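Okay, so here's the structure we're looking at.
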Protein chains: 2
Amino acid sequence: MNIREIAKRARVSSATVSRTINRHPSVQPQLAKRVWRIVEELGYFPSTQARALVSGRSRIFGLIVSEITNPFFPEIVHVFEETAVKHNYEILVTSTVHDPERMKTSARRMLEHRVEGVAVMTFGMEESLLDDLKLRNVPLVFVDVGPPRARVSNIRIDYLHGIRQAVQHLAALRHEKIAFITGPLTLKSALARKDAFVRSMNEIGMAADPELIVEGDHTPEGGEEAFSKLLSLRLRPSAILCSNDMTAIGVMRKCYSDKIVVPRDLSVIGFDNIHLSQYILPPLTTIEMAQTELVRLVFQALWHDVQREIPNLKGTEYVLKTSFVLRDSTAMNPGKGRS
Amino acid sequence: MNIREIAKRARVSSATVSRTINRHPSVQPQLAKRVWRIVEELGYFPSTQARALVSGRSRIFGLIVSEITNPFFPEIVHVFEETAVKHNYEILVTSTVHDPERMKTSARRMLEHRVEGVAVMTFGMEESLLDDLKLRNVPLVFVDVGPPRARVSNIRIDYLHGIRQAVQHLAALRHEKIAFITGPLTLKSALARKDAFVRSMNEIGMAADPELIVEGDHTPEGGEEAFSKLLSLRLRPSAILCSNDMTAIGVMRKCYSDKIVVPRDLSVIGFDNIHLSQYILPPLTTIEMAQTELVRLVFQALWHDVQREIPNLKGTEYVLKTSFVLRDSTAMNPGKGRS
DNA sequence: CTGAAAGCGCTAACAA
DNA sequence: TTGTTAGCGCTTTCAG
């Protein structure tokens, strides 16, 4: 069952069928109707592969994520798919699972499927990935990595905005020893979050004590471990800001087993506002990086770069703000209670 | 850059390049080496669309899920992708979001991309979906829906196995009033879980009190609401089994705001063992439906049906066992303490 | 073992 | 407005 079969039955040429299906205005309404009737009747669907082959456009966008099981990503994938479908595009999602090998494979799969553009949302910059794709002038959009590159668009995250609000919130709650658990500092995004924290502290005249900044790895286990170090300090912090929500969850798990009550004894703030954070107990106060908005920007960047005939030589920059989300994991500094 | 370009540079025919790339044994080793060298040098990747078109095989499997943001699915998608890639297949994931319209679109996208088989993991049976796909003899694999259908393979879930263990665990902890919060009873899977609960209770001579079986909807909100009903009973249950983990999370959230301490005052058990359940506090005791194993079965069924030349007329059945996972949300019935 | 050539299903010039 | 036709990039007979 192909276009010729439809053409034969509708007693027209396959070109007319093609035009009808693609809603080319030059087809006589009554002819079109006849064609559509046959199409419906036989339940005909044009082959995307044939279309792609002849048109040179696959109508596929690639999306490379770290791992879809990371709670940060399902929402991303969901919105990306929704947006793509709305534009009659399909998406090819691959996960690198932090493995250089899988990264190569990802790029390869993208290329084999002739994707028209790729969004890289791995939160770690993968130069090797770039090479193959950039070489072929595939439009690329990165989130939050490195300096502007030629032909590559970038979504920058304004970490400071949300982190500043969080820090000021804690200061208002009269916390004086505020700790920060970072992500793996090899990650640009983790580094940027830490820097935003330090800067926010300085802004309001609170020196960020280096002893209170300890490195985690964006997993709950890393959070627990980092928190343990903090607990062994002579002067424990009364509030902790974490580089992501999973880290905060680790902290809260440790609190649970150590009988430290959040937020009474300790205020905890996360980052990302993953879906999960509203379900843990107590619901986690966090900093949101609006995923829907992020994807909207990513898609827009991709779309923009794909539409233009002349390649986007310098690449475009977009900025996404972060913002504070107040829930129940923060409270007044117990040492400074309403005494 | 196409196969002919490679052929020209390697001074062979495009047929030879094709054979080389596809590792056809008839190519002279030295010729093959020459071809490979050019291929690597130019970074050539064959076009999947051209391949699909000429071979009649897309090397794509479809996966239809309810919504990828449901914590049950990311793991599924992940393993499915991994398995597919291992077999040199790509996957096309679509979400129905419980919307009949999206379901139609899903089927359409699958068909347009000429997927070789589709796994339907929506946990609700969508007859409408079947029509278009079955009509075209696309191999289909369902999880846990309805009676065996011609040409459709099925993965059945043995709910009883895990639920029985959970019930017996609670009985051993001397709980006597055990409640069950169901999922939406329009769902076959929810119904099956409830039935397994009733049967497990009867097996050990504990009548399942109808008053203690209340309907939820598989969301935390539904769980909270159902739990509230249970709380208003003259004789409250000391243990609750939930139709899924999200429901259990709702129950625990309500406990948190009502100062009911889990597991001291109330034992809670979930179902699914989603990733999240180990991170909530206390870590949730639950019943696992091994997702990795599930996907393995699904893929195997698909693979099996795709390989066979003659269509699988009657469809095949597979069974997946469920099993109990002990964590910290259950304890001895407080009314029967070691007094 | 290798090459020539047909053709997969469709779109887009070009002709009528 | 509609039809004819070439050809997208590849695989696969069929000859040689």
Side-chain angles (χ1 to χ4, degrees), chain A residues 1-36 38-39 42-60 88 90 108-116 136 138 309, chain B residues 1-36 38-39 42-60 88 90 108-116 136:
Chain A
M1 158 113 54
N2 55 26
I3 200 172
R4 237 159 358 214
E5 183 66 24
I6 305 292
K8 199 190 300 172
R9 303 217 191 188
R11 299 188 315 282
V12 293
S13 73
S14 60
T16 300
V17 177
S18 174
R19 291 193 192 101
T20 306
I21 286 175
N22 294 307
R23 301 201 144 72
H24 195 290
S26 79
V27 185
Q28 281 211 349
Q30 53 157 319
L31 247 199
K33 203 170 292 175
R34 200 163 86 214
V35 171
W36 276 121
I38 308 281
V39 166
L42 272 65
Y44 164 76
F45 298 112
S47 151
T48 52
Q49 5 257 14
R51 261 138 101 106
L53 194 57
V54 66
S55 70
R57 314 198 61 200
S58 64
R59 299 201 77 84
I60 301 179
N88 275 305
E90 216 52 79
R108 194 201 168 91
R109 286 161 67 195
M110 299 286 161
L111 257 5
E112 286 180 341
H113 284 269
R114 305 291 192 261
V115 297
E116 295 180 28
R136 267 153 237 178
V138 177
E309 359 42 78
Chain B
M1 157 109 54
N2 56 27
I3 200 171
R4 236 156 1 207
E5 182 66 23
I6 305 293
K8 198 190 301 172
R9 303 217 192 190
R11 300 187 314 280
V12 294
S13 72
S14 59
T16 299
V17 177
S18 174
R19 291 195 191 97
T20 305
I21 285 176
N22 295 307
R23 302 201 143 72
H24 195 289
S26 79
V27 185
Q28 279 212 349
Q30 53 157 321
L31 247 198
K33 203 169 294 177
R34 201 163 84 214
V35 172
W36 277 121
I38 308 281
V39 166
L42 273 64
Y44 164 76
F45 298 113
S47 150
T48 50
Q49 6 258 13
R51 262 139 100 103
L53 194 57
V54 66
S55 70
R57 313 197 62 202
S58 64
R59 298 200 78 83
I60 301 179
N88 275 306
E90 216 52 78
R108 193 198 169 94
R109 286 161 66 195
M110 300 286 161
L111 257 5
E112 286 180 341
H113 284 269
R114 305 292 192 259
V115 297
E116 295 180 29
R136 264 147 264 236

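Just so you know, these numbers use all the heavy atoms, side chains as well, and skip hydrogens, waters and symmetry mates. The sequence lines fix the lettering, A, B, ..., with proteins before strands; numbering per chain opens at 1. Since the structure is predicted, the reported quantities are computational estimates derived from the model, not experimental observations.
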**OP:** Output yes when a side-chain donor or acceptor of B:His24 lies under 3.5 Å from a complementary backbone atom of B:Ser26, and no otherwise.
**Re:** yes

Original post:
Can you find a pair of side-chain heavy atoms, one from B:Ile60 and one from B:Thr48, that are under 4.5 Å apart?
Top reply: no

Original post:
Who passes side-chain hydrogen bond (donor to acceptor under 3.5 Å, both in side chains) against A:Arg109, sequence neighbours left out?
Top reply: B:Glu81, B:Glu90

**OP:** Specify the angle, to 10°, made by the local axes at the two ends of the helix from C:dC1-D:dG16 to C:dA16-D:dT1 when five pairs are taken at each end.
**Re:** 40°

**OP:** Could you check how far CZ of A:Arg11 sits from P of D:dG3, rounded to whole Å?
**Re:** 11 Å

**OP:** Mind listing the residues from residues 14-24 of chain B sitting with a heavy atom below 4.0 Å of DNA chain C? Number order is fine.
**Re:** B:Ala15, B:Thr16, B:Arg19

**OP:** Of all the heavy-atom pairs spanning A:Ile21 and A:Pro46, show the shortest one and how long it is.
**Re:** CG2-CG, 4.3 Å

Subject >> Gap between atoms CZ and C1', on B:Arg51 and D:dC10 respectively (whole Å) >> reply: 8 Å

Subject >> B:Gln49 side chain vs A:His113 backbone, donor-acceptor pair below 3.5 Å >> reply: yes

Original post:
Looking at side-chain heavy atoms only, is the closest gap between B:Val39 and B:Ile6 below 4.5 Å?
Top reply: yes

Original post:
Between B:Arg114 (side chain) and B:Ala52 (backbone), is there a donor-acceptor pair under 3.5 Å?
Top reply: no

Original post:
So, is B:Gln49 near the phosphate of D:dG9, with a side-chain N or O under 4.0 Å from OP1 or OP2?
Top reply: no

Subject >> Atom of B:Leu42, atom of A:Arg136 and distance for their closest heavy-atom approach >> reply: O-NH2, 3.9 Å

**OP:** Evaluate the side-chain proximity of B:Gln28 to B:Val12: yes if any heavy-atom separation is below 4.5 Å, no if none is.
**Re:** no

Distances for protein N or O near nucleotides 6-8 of chain D N or O, under 3.5 Å:
from  : atom 1 : to      : atom 2 : distance (Å)
D:dC8 : O2     : A:Val54 : N      : 3.3

Subject >> Separation of atom CZ in B:Arg57 from atom C1' in D:dG9, rounded to whole Å >> reply: 19 Å

**OP:** Of all the heavy-atom pairs spanning A:Met1 and A:Tyr44, show the shortest one and how long it is.
**Re:** CG-CD1, 3.9 Å

Original post:
Under the 3.5 angstrom rule, does the side chain of A:Ser14 hit a backbone N or O of A:Arg4 as a donor-acceptor pair?
Top reply: no

Subject >> Close side-chain approach of B:Asn88 and B:Arg59, heavy atoms under 4.5 Å >> reply: yes

Original post:
chain A on DNA chain C: first and last contacting nucleotide, 5' to 3', under 4.0 Å to a heavy atom?
Top reply: C:dC8 to C:dA13

Subject >> Contact list for residues 11-27 of chain A, test salt bridge (charged side-chain N to carboxylate O under 4.0 Å, His left out), sequence neighbours left out >> reply: none

**OP:** Round to a whole Å and report the spacing from CD of B:Glu5 to P of D:dC10.
**Re:** 11 Å

Original post:
When you check the phosphate oxygens OP1 and OP2 of D:dG3, does a side-chain N or O of A:Ser13 lie under 4.0 Å from one of them?
Top reply: yes

